[in-house]
S.K.: 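Right, I'll just put the structure down here and ask away after.
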Protein chains: 2
Amino acid sequence: MKEKLSELPGKTIERLSQYRRILYNSIREGKTNIYSHELARMMNLTPVQVRRDLMLIGYSGSQSKGYVIKDLVALIGKIIDSSDGQKVIIVGMGNLGRAITSYFSGKRDKLSIVAAFDNDPQKTDRIIAGIPCHHIKDVQSVIEEEQSPIAILTVSPEAAHEVAKHLLDCGIKGLLNYTSVPLTVPDDIYLEEYDIITSLEKLAYLVKSK
Amino acid sequence: MKEKLSELPGKTIERLSQYRRILYNSIREGKTNIYSHELARMMNLTPVQVRRDLMLIGYSGSQSKGYVIKDLVALIGKIIDSSDGQKVIIVGMGNLGRAITSYFSGKRDKLSIVAAFDNDPQKTDRIIAGIPCHHIKDVQSVIEEEQSPIAILTVSPEAAHEVAKHLLDCGIKGLLNYTSVPLTVPDDIYLEEYDIITSLEKLAYLVKSK
DNA sequence: TTTGCGTTGATATAAATTTCACAATACTCA
DNA sequence: TGAGTATTGTGAAATTTATATCAACGCAAA
């Protein structure tokens, strides 16, 4: 693999994560090898696109047996996981925060949610969905202690701006924003926005114009 | 506006939805007009891209005052909203289902969640987050009665395949999949997949490789 | 061995999306 | 008025992303 990792297209990285998810399922079903067209069908893509993604990460399969799932999973992990693991915090323990936490818990070894925060005393200082939930006022000390660079934001729209700013002040480098409030961050911070309504409206548009 | 709506790029449609979200906020703050660079900064895009999008939908601003927010919101609504409104159901009333429902409720006039479903008798036959929650066995009759073509899927991974298949049998035309299980659907069905872990892994990758 | 089938890997092509560059326009202020 | 400034709208170029095509390969069966 000669190319720098950072040259991988963003879309490919997203797909790598999804390939791995599917490959885990296949391993559980007892499969050891898989063809590009099988993977493609499961992802709703073309076989060519699968092969090209794998080409980009430098993985070679065999013409007769396709790809060795175990090796492929390992390589994807080498690329998208941090070697020493990365710690994530989640801020806002409403329905969405709890859903994400319990959905995520234990799914990935190299990526773990290490702490949760809320401003409601009823929720703090106890374990929720397996994660210790602190009061938001302790966020700075926990971030420093745990060395976690990534935060998931699931607070109320009203609090979003203020909390986001506070997190950046505490040294957060990557922010996954699930609130309905669009955020603006400095260039050196990575921000992923995802608004649930957006995808619903897109879908509604497509269904309508069919 | 001469061009067919279906010619709008998919990315533009997604952004239109987000523009409108931001514009609603601006209206609340008392703004009546907005420049492309203001909108761009709030969306983390370039001003040119904003202008291009608005050009594609046939909206013209003024060089001195920028765009009239009220008119722009109305035009976006005309494009992405269905004129007579569209009804959405949500299947799976766990944390995620409840989060989406309460988050969404009342946010859009033309798009409304009209019914929820679950298989847990504790949750069914009552109102949750303002939406009547039925048992999943009644899904067919409710879909027919309400004429709702779109479903949000927030059930457990184990149930995802079976429930999705059932929904398609009941005539659902668009499916928003929030489970961690990738789905395969016929060509005439619109499917939007969104996996929470994918965006987290992408973010972790970017933060790592910085 | 030889033929045929199905697969990978890779180059070339195409399509979609974004950015550049700048003309045209409207406003401000001297 | 007229120069200066800031904005929009848009054709063209650049970039990103996806698809088409095909040679090379490995295997199975005749």
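Letters A, B, ... are given to chains in the order of the sequence lines, protein chains preceding strands, and every chain is numbered from 1.
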S.K.: What is the separation between atom CZ on R41(B) and atom P on dT7(D), rounded to the nearest whole Å?
M.R.: 12 Å

S.K.: Check whether any side-chain N or O of T179(A) sits under 3.5 Å from a backbone N or O of V181(A) as a donor-acceptor pair, and report yes or no.
M.R.: yes

S.K.: Can you name the salt bridge (Lys or Arg N to Asp or Glu O under 4.0 Å) partners of R52(B), sequence neighbours left out?
M.R.: none

S.K.: Tell me the bend of the helix from dT1(C)-dA30(D) to dA30(C)-dT1(D) as the angle between end helix axes, each from five pairs, rounded to the nearest 10 degrees.
M.R.: 0°

S.K.: Provide, to the nearest angstrom, the distance between the CG atom belonging to L8(A) and the P atom belonging to dA18(D).
M.R.: 13 Å

S.K.: With salt bridge (charged side-chain N to carboxylate O under 4.0 Å, His left out) as the rule and sequence neighbours excluded, what pairs involving residues 90-108 of chain B come up?
M.R.: E201(A)-R108(B)

S.K.: Would you say the side chain of L56(B) lies within less than 4.5 Å of the side chain of R51(B), judging by non-hydrogen atoms?
M.R.: no

S.K.: Parallel, tilted or perpendicular for Y178(A) and Y194(A), by the 30°/60° rule?
M.R.: perpendicular

S.K.: Evaluate the criterion side chain to side chain contact (heavy atoms under 4.5 Å, CB included) for residue pair K173(B) and I150(B); output intermediate values, then yes/no.
M.R.: CA-CA 6 Å; K173(B) 295 295 176 216; I150(B) 297 171; over 6 Å; no

S.K.: So that I can tick it off, tell me whether R20(B) and D81(B) are bridged by a salt bridge, with the cut-off set at under 4.0 angstrom between side-chain N and carboxylate O.
M.R.: yes

S.K.: Output the rounded distance in Å from CG (N33(B)) to P (dA6(D)).
M.R.: 18 Å

S.K.: So do T154(A) and V91(A) actually touch side chain to side chain, heavy atoms under 4.5 Å?
M.R.: no

S.K.: Mark yes or no for whether E38(B), through its side chain, and Y35(B), through its backbone, hold a donor-acceptor pair below 3.5 Å.
M.R.: yes

S.K.: Counting distance only, does the side-chain N/O of Q86(A) pair as donor-acceptor with the main-chain N or O of K110(A) below 3.5 Å?
M.R.: no

S.K.: What residues in residues 192-200 of chain B put a non-hydrogen atom under 4.0 Å from any atom of DNA chain C?
M.R.: none

S.K.: Got a sec? Which of residues 61-73 of chain B come in under 4.0 Å of DNA chain C, heavy atoms?
M.R.: Q63(B), S64(B)

S.K.: Return the value, rounded to whole Å, for the distance between atom CD of E14(A) and atom C1' of dA18(D).
M.R.: 15 Å

S.K.: Of all the nucleotides listed (dG9(D), dT8(C), dT19(C)), which has the minimum atom distance to the side chain of M55(B)?
M.R.: dG9(D)

S.K.: I need the CD-P distance between Q49(A) and dA16(C), as an integer number of Å.
M.R.: 14 Å

S.K.: Taking only residues two or more places apart in sequence, or in another chain, which ones meet S156(B) in a side-chain contact (heavy atoms from CB on, under 4.5 Å)?
M.R.: E158(B), A159(B)

S.K.: Can you measure L39(B) atom CG to dG9(D) atom P for me and round it to whole angstrom units?
M.R.: 13 Å

S.K.: Think S60(B) has a side-chain N or O under 4.0 angstrom from the OP1 or OP2 of dT8(D)?
M.R.: no

S.K.: Are R51(A) and dT8(C) close enough that a side-chain N or O sits under 4.0 Å from OP1 or OP2?
M.R.: yes

S.K.: Tell me: NZ of K11(B) to P of dA15(C), nearest whole Å?
M.R.: 18 Å

S.K.: Whole angstrom is fine here: how far is it from CD in E38(A) over to P in dG6(C)?
M.R.: 14 Å

S.K.: Any base atoms under 4.0 Å from T12(A), or only sugar-phosphate, or nothing? Heavy atoms, all strands.
M.R.: nothing

S.K.: Between V48(B) and Y35(B), which residue's closest nucleotide on DNA chain D lies nearer the 5′ terminus?
M.R.: Y35(B)

S.K.: Counting only side-chain N and O atoms of R15(B), is one of them less than 4.0 Å from OP1 or OP2 of dT18(C)?
M.R.: yes

S.K.: What I'd like to find out is whether the side chain of L168(B) reaches to under 4.5 Å of the side chain of P186(B), using heavy atoms alone.
M.R.: yes

